[in-house]
Amino acid sequence: MDTATISISVLPKPVVNITNGDSITLRFGQPLQLFSTGATRYIWSPSWAMSNPNISSPSIKPEENTLYIVNGIDDNGCGNADSIYVTID
């Protein structure tokens, strides 16, 4: 019986972090720049009232309470996510 050996590397997920924290309160009409780290590609949602959902640090100007989620992908194709809840005062 022939046998073969295969090596498999399990890579850790990237640690994607929104550095603004888990939540923040803004006044109505106040803009904010969100900052995320830990990945090489980013996809934010929802993307409305956002400057660019495909960068690490988009600007937002929400008109209502919104949960923003960033999905980050590293060079190995591994992904992870973080979120921030924005409350409008």
Side-chain angles (χ1 to χ4, degrees):
M1 173 180 239
D2 292 332
T3 60
T5 302
I6 299 173
S7 295
I8 299 174
S9 296
V10 177
L11 302 171
K13 291 182 179 182
V15 178
V16 177
N17 183 41
I18 298 173
T19 60
N20 302 78
D22 294 330
S23 64
I24 194 166
T25 300
L26 302 176
R27 293 178 189 240
F28 184 83
Q30 178 184 358
L32 174 71
Q33 186 169 11
L34 297 173
F35 295 95
S36 61
T37 61
T40 53
R41 292 183 290 155
Y42 299 89
I43 302 169
W44 290 84
S45 63
S47 59
W48 55 268
M50 181 176 287
S51 61
N52 183 341
N54 300 311
I55 60 175
S56 64
S57 301
S59 295
I60 60 169
K61 193 174 178 183
E63 295 181 358
E64 60 188 42
N65 297 346
T66 306
L67 177 66
Y68 288 97
I69 300 169
V70 63
N71 290 290
I73 301 169
D74 67 13
D75 289 331
N76 298 311
C78 299
N80 210 344
D82 196 11
S83 63
I84 184 171
Y85 189 74
V86 178
T87 303
I88 302 302
D89 187 19

- Item | Nearest heavy atoms of Cys78 and Lys13, plus distance in Å | CB-CA, 4.5 Å

- Query: What's the shortest heavy-atom distance between Gly72 and Pro14, and which atoms?
  - Reply: O-CG, 4.2 Å

- Message: Closer than 3.5 angstrom, by distance alone: can the side chain of Thr40 be matched with the main-chain N or O of Ile73 as a donor-acceptor pair?
- Response: yes

- Kindly indicate, with the supporting measurements, whether the criterion side chain to side chain contact (heavy atoms under 4.5 Å, CB included) is fulfilled by Trp44 and Asn54. CA-CA 7 Å; Trp44 290 84; Asn54 300 311; over 6 Å; no

- Task: Would you check if Phe35 and Ser56 make a side-chain contact, meaning some heavy-atom pair closer than 4.5 Å?
- Result: no

- Answer whether the closest heavy-atom distance between the side chains of Val86 and Ile60 falls below 4.5 Å. yes

- Item | Side-chain (Asp74) to main-chain (Asn76) donor-acceptor, under 3.5 angstrom | yes

- Message: Quick one: does any side-chain atom of Ser47 pair with a main-chain N or O of Pro53 as donor and acceptor, under 3.5 Å?
- Response: no

- Query: Stepwise, does the side chain to side chain donor-acceptor pair (under 3.5 Å) test hold for Thr87 with Asn65?
  - Reply: CA-CA 5 Å; Thr87 303; Asn65 297 346; 4.6 Å; no

- Message: Assigning hydrophobic clusters by single linkage (Ile, Leu, Val, Met, Phe, Trp, Tyr; side-chain heavy-atom cutoff under 4.5 Å), is Leu32 placed with Ile18?
- Response: yes

- Message: Applying side chain to side chain contact (heavy atoms under 4.5 Å, CB included) to Val15 and Asn80, what does each step give before you reach the verdict?
- Response: CA-CA 7 Å; Val15 178; Asn80 210 344; 5.9 Å; no

- Looking only at non-hydrogen atoms, find the nearest pair between Ile88 and Arg27 and report the distance. CG2-C, 4.4 Å

- Message: Determine whether Ile69 and Asp82 satisfy the following criterion, side chain to side chain contact (heavy atoms under 4.5 Å, CB included), listing intermediate values before the conclusion.
- Response: CA-CA 6 Å; Ile69 300 169; Asp82 196 11; over 6 Å; no

- Message: Show the nearest heavy-atom pair for residues Pro62 and Trp48, with the distance to one decimal.
- Response: CA-CZ3, 4.4 Å

- Query: Just how far is it from atom CG of Asn20 to atom CD1 of Ile84, taken to the nearest 0.5 Å?
  - Reply: 4.5 Å

- Item | Same apolar cluster (I L V M F W Y, side chains within < 4.5 Å links), Ile43/Val16 | no

- Message: Using 0.5 Å steps for rounding, measure from the CD atom of Gln30 to the CD1 atom of Ile24.
- Response: 7.5 Å

- Message: Tell me if a side-chain donor or acceptor on Gln33 pairs with a main-chain N or O of Ser57 at a distance below 3.5 Å.
- Response: yes

- Decide yes or no on side chain to side chain contact (heavy atoms under 4.5 Å, CB included) for Tyr68 and Ser45, but give the supporting numbers first. CA-CA 6 Å; Tyr68 288 97; Ser45 63; over 6 Å; no

- Task: Spell out, as yes or no, whether a donor-acceptor pair under 3.5 Å connects the side chain of Asn17 to the backbone of Thr37.
- Result: no

